[in-house]
Amino acid sequence: MPEPSHPSTTGPNAPATGPKGSGAALEKARRDKLDALKSLGIDPWGGRFDGATAIADVRSRGMEIEKTADDGPTVRVAGRIMLLRSAGSLVFIELADRTGRIQLMLGKKQVGPEAWKLVDCLDLGDLVGVDGRLGWSKTGEMTVFAASLTFLTKSLETPPDKFHGLVDPDLKQRMRYLDLIHGEGVRERFIARSRIVEAVRRVLAARGYLEVEGPTLQESAGGAAARPFMTHHNALDMPLVLRIALELHLKRLLVGGLERVFELGRVYRNEGVSPRHNPEFTMLEAYEAYGDYSSMMDLTEAILVEAAAAAGAPARFEFLGHQVDLTPPFRRAKYDDLLREVAGCDPADAASVAAAAARHGLETAGRHPDVVKSELFEATVEKTLSGPVFVIDYPAAVCPLTKRKADAPHVAERFELYVAGMELANAYTELNDPDLQEELFRTQLAGLDAEESMARMDTDFIRALRHGMPPAGGLGIGIDRLVMFLTAAPSIRDVILFPIHRPHT
RNA sequence: GAGGCUGUAGCUCAGUCGGUAGAGCAUCGGACUUUUAAUCCGUUGGUCCUGGGUUCGAGUCCCAGCAGCCUCACCA
């Protein structure tokens with residue numbers, strides 16, 4: 001038997017975290033048990049283990065067993081050791097798998113002296129499989145009385161505090177695997193995210209939408225107002241940007257006759273980080289030929305209701321201090337009406353809007369009236385919108401991709417859906433007039449930098465429109481924010497498995 | 001980018017007025033065949049985020065930096 005190797009703390013083969021402080025002693029204890037396992041002829045890294053039943057299913061079966069019965073069925077479970085308590089030659093283990101937890105009991109007499117040597121090698125965090133009788137302990141805890149134990153994987157690291165779990169938000173995000181194991185409700189939240197995304201796809205598929213994938217590497221970033229991440233393709237020796245929206249390529253597919261398309265994908269915006277912003281996030285965009293923004297409201301309601309059900313969210317709940325009720329139809333409120341009520345100005349009168357904006361400390365000089373109006377709306381109205389509410393009919397100048405109302409060309413057929421003061425969805429009756437689109441791409445609004453403008457010329461897109469894009473409704477939903485909302489998570493980092501971080505020093 | 005708060009053992013946290021670095025869990029040793037964050041006795045474990053400064057003396061006070069959280073700005 002070779003001496004246990006003492007790994008160097010430097011060089012290419014250094015361990016991921018060099019032993020330091022009490023961590024070194026903690027790791028040594030585990031490595032000693034690893035060696036003990038090997039000397040018992042047991043592979044500490046395990047292998048295929050067939051036929052285990054999900055713990056949640058085992059628990060359902062257990063509920064049907066009499067508390068005093070000693071003839072329960074034999075079951076096989078596998079999972080991670082979360083709690084380990086020894087009472088002499090009797091050991092209780094709380095075992096967790098993806099579905100739940102169950103107590104195991106191992107007795108020295110019951111498993112025999114050979115298997116008992118294995119019990120001495122167990123640590124919190126190890127993965128084991130067990131076969132045993134399902135029943136209830138004397139104190140009334142559902143228990144698998146182990147007949148045999150299969151070692152599946154050694155854990156060399158000490159798990160977080162078994163009572164408090166991992167609470168440092170930095171560690172929770174950087175070591176998400178530990179957060180998933182030990183964090184209260186963390187696994188459930190990410191399962192809910194998956195269910196929500198499934199629900200979104202289900203609603204769209206049921207309505208005949210085709211899921212497609214557009215390019216994430218693009219020559220220019222269009223479809224939204226945001227700074228892009230820049231990169232470079234070596235072989236083609238060309239600059240590229242990561243997409244900031246899905247819009248313009250999906251619309252090309254409307255021209256191509258796909259008629260109902262959607263994409264669920266990552267977009268990248270080189271902007272600030274906040275509880276509601278992460279540089280990469282997941283967007284849904286859906287486009288329906290021959291629809292308009294009203295048809296997108298129906299679709300939005302259907303998606304939210306289905307997603308809420310999938311996430312197990314009740315119809316009414318509180319989120320970020322706002323009471324929300326997801327029973328359709330959601331309220332519809334005109335942009336100008338809200339501005340009049342909340343900001344106390346006459347939305348039709350640019351001077352009145354500018355005066356109100358000035359009262360809120362907003363810059364007005366040299367800025368397009370619709371830009372001022374838009375900033376006033378954000379400064380005053382947004383945070384008051386508990387929602388869900390469809391804010392409809394936006395000032396046209398700040399909507400360069402949206403069709404104008406036929407009888408009111410200064411109004412764009414756009415809505416944004418707000419919940420808890422947060423923008424959750426954004427939809428248009430899509431502009432399909434190539435000449436107007438080209439003109440709007442050329443129009444840089446006074447008071448807006450080029451990089452904060454949606455007006456970014458895309459001649460290939462204009463050419464597509466010139467071939468004829470059907471009149472259409474289009475919808476965008478921020479999936480991360482939707483998940484935040486439906487799981488009552490206060491930060492977007494709670495619903496992104498691996499949010500952005502600076503490197504740790 | 002600005003401000004506020006935070007950073008102490010593997011994890012969760014105390015640390016008073018500037019005067020020898022603390023607890024619980026985890027670890028290790030011991031007792032225990034019905035525990036439930038098991039309990040009990042004992043034990044090990046520290047770059048007090050980093051670097052300066054003030055001081056006889058700094059986890060504590062000051063400065064700079066790093067990281068996190070929050071607020072604001074940005075995100076029309």
Side-chain angles (χ1 to χ4, degrees), chain A residues 17 19-30 32-33 82-94 101-111 116 123-125 135-143 145 155-175 178 182 224-227 244 269-279 281 361-362 367-368 370-379 382 394-395 397-400 414 416 423 426 444-455 478 490-491 493 499 501-505:
Chain A
T17 54
K20 56 188 193 311
S22 65
L26 293 171
E27 181 176 336
K28 182 179 184 303
R30 286 170 179 259
D32 287 347
K33 291 174 183 172
M82 304 302 292
L83 293 174
L84 182 64
R85 23 177 199 273
S86 163
S89 41
L90 199 59
V91 164
F92 293 92
I93 288 172
E94 199 162 308
R101 294 186 178 197
I102 196 164
Q103 174 171 275
L104 314 179
M105 194 189 89
L106 293 89
K108 187 174 186 177
K109 202 185 299 177
Q110 290 84 339
V111 300
W116 196 249
D123 279 307
L124 290 175
W136 298 83
S137 73
K138 281 183 186 171
T139 52
E141 180 76 22
M142 191 186 296
T143 300
F145 297 92
S155 169
L156 294 174
E157 295 276 356
T158 312
D161 188 291
K162 66 188 176 187
F163 183 62
H164 300 96
L166 201 60
V167 304
D168 182 332
D170 192 22
L171 292 180
K172 282 168 75 75
Q173 291 159 31
R174 289 183 203 266
M175 304 173 84
L178 281 185
H182 300 280
R227 277 181 291 175
I244 59 173
R269 296 185 180 178
N270 206 337
E271 309 279 359
V273 176
S274 86
R276 297 180 186 193
H277 299 85
N278 194 66
F281 62 101
L362 299 170
R367 320 199 78 178
H368 188 285
D370 280 358
V371 172
V372 174
K373 196 174 185 178
S374 169
E375 293 191 351
L376 179 63
F377 185 89
E378 286 174 20
E382 275 194 8
Y394 276 63
V398 294
C399 309
R414 171 183 187 176
E416 290 193 349
E423 179 193 337
N426 180 23
Q444 232 17 272
L445 292 190
L448 281 185
D449 295 339
E451 70 182 10
E452 44 178 339
S453 172
M454 259 193 245
S491 170
R493 290 187 288 270
H501 271 276
R502 288 192 170 94
H504 237 186
T505 48

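This one's a predicted model, so the numbers in the text were calculated from it and none came from an experiment. So that the names make sense, note that chain A is the first sequence line, chain B the second, and so on, each numbered from 1.
Regarding contacts with the backbone of rC28(B), every side-chain N or O of Arg30(A) stays at 4.0 angstrom or more from both OP1 and OP2. Put simply, Lys108(A) has no side-chain N or O that comes within less than 4.0 Å of OP1 or OP2 on rC32(B). Between Lys162(A) and the phosphate of rA37(B), there is no side-chain N or O to OP1/OP2 separation shorter than 4.0 Å. Side-chain nitrogen and oxygen atoms of Thr158(A) include none within less than 4.0 Å of the OP1 or OP2 phosphate oxygen of rC11(B). Phosphate contact (OP1/OP2 of rG68(B), side-chain N/O of Arg502(A), threshold under 4.0 Å): present. At the phosphate of rG68(B), OP1 or OP2 sits under 4.0 Å from a side-chain N or O atom of Arg174(A).
A donor-acceptor contact shorter than 3.5 Å is absent between the side chain of Asp123(A) and the backbone of Arg30(A). Without hydrogens or angle criteria, Glu271(A) side chain to Arg227(A) main chain gives a donor-acceptor distance under 3.5 Å. Within the 3.5 Å criterion, the main-chain N or O of Ile244(A) finds a donor-acceptor partner in the side chain of Arg269(A). Using a distance-only test at 3.5 Å, with no hydrogens or angles considered, a donor-acceptor pair links the side chain of Ser274(A) to the main chain of Arg276(A).
Nucleic acid contact class of Arg101(A) (heavy atoms, under 4.0 Å, all strands): none. Looking at heavy-atom distances under 4.0 Å, Lys373(A) makes no contact with the nucleic acid at all. Within the 4.0 angstrom heavy-atom criterion, only backbone atoms of the sugar-phosphate kind lie near Glu378(A); the bases stay farther away. Backbone-only contact: Ala29(A) has heavy atoms under 4.0 Å from sugar-phosphate atoms and none from a base. Contacts of Ser374(A) with the nucleic acid, taken as non-hydrogen atoms under 4.0 Å apart, involve only primed sugar atoms and P, OP1 or OP2. Counting non-hydrogen atoms under 4.0 angstrom, His182(A) reaches nothing in the nucleic acid.
For rG7(B), its base never sits under 3.5 Å from the side chain of Asp170(A) at any donor and acceptor pair. A donor-acceptor contact under 3.5 angstrom links the side-chain atoms of Gln103(A) to the base of rU35(B). Ser137(A) contributes a side-chain N or O that forms a donor-acceptor pair with the base of rU35(B) under 3.5 Å.
Using the Watson-Crick or G-U wobble rule with both distances under 3.5 Å, rU16(B) pairs with nothing in any strand shown. The partner of rC48(B) cannot be assigned: no Watson-Crick or G-U wobble pair with both contacts below 3.5 Å exists in any strand. Nucleotide rC72(B) is matched to rG1(B) when pairs are restricted to Watson-Crick or G-U wobble geometry with both distances under 3.5 angstrom. In this structure, rU39(B) and rA31(B) make a Watson-Crick or G-U wobble pair, each of the two defining distances being under 3.5 angstrom. Base pairing analysis places rC25(B) opposite rG10(B); the two distances defining the Watson-Crick or G-U wobble pair are each below 3.5 Å.
In this model, a donor atom of one side chain and an acceptor atom of the other lie less than 3.5 Å apart for Arg414(A) and Asn426(A).
Out of rC74(B), rC11(B), rU34(B), the shortest distance to the side chain of Glu271(A) is found at rC74(B). Among rC32(B), rC69(B), rU34(B), the nucleotide with an atom closest to any side-chain atom of Ser86(A) is rC32(B). Set against rG68(B), rA76(B), rC11(B), the side chain of Val398(A) has rA76(B) as its closest nucleotide. In this structure, the nucleotide among rA76(B), rC69(B), rU27(B) sitting nearest to the side chain of Pro400(A) is rA76(B). The side chain of Phe163(A) sits closest to rA37(B) out of rU71(B), rC69(B), rA37(B). Checking rC70(B), rU27(B), rU34(B) against the side-chain heavy atoms of Arg493(A) singles out rC70(B) as nearest. For Pro275(A), taking side-chain heavy atoms from C-beta onward, the closest of the listed nucleotides rG10(B), rC70(B), rC11(B) is rC70(B). For His164(A), whose side chain is taken as the heavy atoms from C-beta onward, the closest listed nucleotide among rA26(B), rC11(B), rU12(B) is rU12(B). The side chain of Lys109(A) has rU33(B) as its nearest neighbour among rA76(B), rU33(B), rG68(B).
The CG atom of Leu166(A) sits 14 Å away from the C1' atom of rC25(B) (whole-angstrom rounding). What separates CG of Leu156(A) from P of rU27(B) is a distance of 14 Å, to the nearest Å. Look at NZ on Lys172(A): it is 13 Å from C1' on rC11(B), rounded to the nearest Å. Per the geometry, CZ belonging to Arg276(A) stands 15 Å off C1' belonging to rC74(B), to the nearest Å. Taking atom CG on Leu362(A) and atom P on rC72(B), their separation rounds to 15 Å, with Å as the unit. Note: CD (Glu157(A)) to C1' (rA26(B)) measures 13 Å, nearest angstrom. Taking atom CG of Asn426(A) as the reference point, atom P of rA76(B) lies 10 Å away to the nearest angstrom. Computed from coordinates, the Leu83(A) CG to rC25(B) P distance equals 14 Å when rounded to whole Å.
Atom CD of Gln103(A) is separated from atom CD of Glu141(A) by 5.0 Å, given to the nearest 0.5 angstrom. Note that the CD atom of Glu378(A) and the CD atom of Glu423(A) stand 8.5 Å from one another [nearest 0.5 Å].
Minimum heavy-atom separation, Met142(A) to Trp136(A): N-CE3, 3.4 Å.
Between Val167(A) and Gly272(A), the one whose closest nucleotide on RNA chain B sits nearer the 5' end is Val167(A). Position along RNA chain B of the nearest nucleotide to Pro160(A) versus Glu94(A) favours Pro160(A) as the more 5'-ward residue.
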